[in-house]
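Written out below as structure tokens is the structure these notes cover.
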Amino acid sequence: MFALVDCNNFYVSCERVFDPSLNGRPVVVLSNNDGCFIARSNEAKALGLPMGGPAFKFRETLKKHRVKVFSANFTLYGDISSRVMETLANLAPEIEIYSIDEAFLDMTGFGRFGFSEYGATIRKTVTKHTGIQVCIGMGPTKTLAKAANRLAKKKPRYNGVCLLANEQEIQAALASLKVEDIWGIGRQWSALLQARGINTALDFSRASSTWIRQHLHITGARILEELNGRSCIPLEQVRPPKQSICTSRSFGRSVVEFEELQQAVATFAGKCATKLRKEGSVASTLTVFICTSPFNEPSLKYWGTRTVALRQPSQDTIEIIRAANQVLTAIFKAGFEYKKAGVIVAGIASTTVSASPLSLFPDEAAELTNERQQKFMLVMDKINRQYGNGTIHTGAENSERWKPQQANLSPHYTTKWGEIIEVRGPHQYSS
DNA sequence: TCTGGGGTCCTAGGACCC
DNA sequence: TCTGGGGTCCTAGGACCC
């Protein structure tokens, strides 16, 4: 038996924990650059504000209904998330952290407490420890637990916990689930399925496995099995090492100058190097991409990207920035208004298993430099850990000019002393 | 005027090996 | 006119997830 625990309207809930006056009011959280809706309270959903909808198109509604709008505060959400996960890990020994607001739990052996009863206990405990509300779905496979979770969220009669334990419950649940709402079925595939008369999850579960295998490949075949109660997507308790690391941003405004793009790309490359060191990994390839707005007319559109091999697998900020700069120089075209850029490092290997190949012609001077570079990076990371990110950085990195817009950022309530005090104010302590 | 960021898995096809 | 069988590795592109 699997359980899927999913936080309700997670980013909005995080904001509400620190400002309960927002309860009952419509609240939305925007993506970087205050672009799209990425979280909505139930009240905001009821106003018809769609997930992913661009905020500027709904200015009227936001104003008219006095919707509280937040810029994304990922530092806060990440910290609250880790508290939720910690609570869950104490309630069930086997847990897979699936996303910032979701976790799968292995419920094997918990039947003796009653699955639904234990689900209710989990719900209560998480709210008590963190202030975050969750819904829980349970079923014999991860895909069915996902479906159950959807029901738990949608239908009040479940009280936030939906258990699919027997054949009848499962069939009824699948009949009420639209095919596009199955976990793993996106837009393209649901169109394909609907064209074939497969409209519900129940239809899907009874579809021809040959046809599914042919058109939806192995991924679809697994879903079919899982809907029929045969588990084939296992719980992944340890996160496998990342295969690629990406740092990309849309710019707060158009960027035209090469030098400015250069600073942005250097900053992303530096961030990738920091992430690599945090993972204990080295990368062997590097990709840089730059692009104009996808909403431009075709003649004003440009998408430039190139991948190169690094001279040797690396996690060195300076090395990676240098390589990224070379790629940028090669793909940059003057005369375009750039809106976004990014750096991706891949071909990742762990530093701990000494997977990086040795040089056939070792260069002692270079080795010495490498060693010094590594020590330098250690010092840099240590300073930034202790005094805050960005305390020390290379001259090439600069995030001032292209910085994303964040007009309505809430304080970093749980991660910066200064911002906690700023909000609460010393006078409140007396009461 | 203004439209996010960070990932994974799978397949097909090309280039290569013996 | 006729031209094997069994592989690996890599990349691009397309699908999906939150």
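Chain A is the first sequence line, chain B the second, and so forth, proteins listed ahead of strands; every chain is numbered from 1.
Nucleic acid contact for A:Lys271: none, since no nucleic acid atom lies under 4.0 Å from a heavy atom of the residue. Within 4.0 Å (heavy atoms only), A:Ile100 reaches no atom of the nucleic acid at all. Among the heavy atoms of the strands, none lies under 4.0 Å from A:Arg306. Residue contacts shown for A:Lys340 are limited to sugar-phosphate atoms, with no base heavy atom under 4.0 Å away. Using a 4.0 Å heavy-atom distance criterion, A:Ile185 is classed as a sugar-phosphate-only contact. The residue A:Phe74 sits apart from the nucleic acid: no heavy atom pair falls under 4.0 Å. Heavy atoms of A:Ser293 sit nowhere under 4.0 angstrom from any nucleic acid atom. Residue A:Gln405 is out of contact with every strand shown, counting any heavy-atom pair closer than 4.0 Å. Note on A:Thr307: nothing from the nucleic acid sits closer than 4.0 angstrom, heavy atoms only.
For C:dC18 and B:dT3, the P atoms lie 25 Å apart once the distance is rounded to whole Å.
A side-chain donor from one of A:Glu226 and A:Thr143 sits under 3.5 Å from a side-chain acceptor of the other.
In summary, A:Asp381 and A:Arg385 do not engage in a salt bridge, as defined by a charged side-chain N under 4.0 Å from a carboxylate O. At a threshold of 4.0 Å, the pair A:Glu15-A:Lys68 does not count as salt-bridged, since none of the basic side-chain nitrogens sits closer than that to a carboxylate oxygen. The pair A:Glu397-A:Lys271 does not count as a salt bridge, with every side-chain nitrogen at least 4.0 angstrom from each carboxylate oxygen. A salt bridge between A:Arg16 and A:Glu43 is present, with a side-chain N of the basic residue lying under 4.0 Å from a carboxylate O of the acidic one.
With B:dT3, B:dG6, B:dC2 as the candidates, the nucleotide lying closest to the side chain of A:Phe295 is B:dT3. Taking only side-chain atoms of A:Ser99, from C-beta outward, the nucleotide of B:dC2, B:dC9, C:dC18 with the closest atom is C:dC18. Among C:dC18, C:dA15, B:dG5, the nucleotide with an atom closest to any side-chain atom of A:Asp101 is C:dC18. For A:Arg249, counting side-chain heavy atoms from C-beta on, the closest listed nucleotide (C:dC16, C:dC18, B:dG6) is B:dG6. Closest to the side chain of A:Cys36, out of B:dG4, B:dC10, B:dT8, is B:dG4.
Secondary structure note: stems in DNA chain B built from 3 or more consecutive Watson-Crick or G-U wobble pairs under 3.5 Å occupy B:5-18 with C:5-18.
Within 6.0 Å of atom CZ in A:Arg239, more than 12 heavy atoms from other residues, nucleotides or ligands are found, so the atom counts as buried in its surroundings.
Comparing A:Pro404 and A:Glu236 by the nucleotide of DNA chain B that holds the closest heavy atom to each, the one mapping nearer the 5' end is A:Pro404.
Between A:Phe289 and A:Trp303, the ring planes lie parallel to each other; the angle is under 30°, not in the 30° to 60° tilted range.
Phosphate contact (OP1/OP2 of B:dT3, side-chain N/O of A:Ser31, threshold under 4.0 Å): absent.
Rounded to whole Å, the distance from CD on A:Gln188 to P on B:dC9 is 21 Å.
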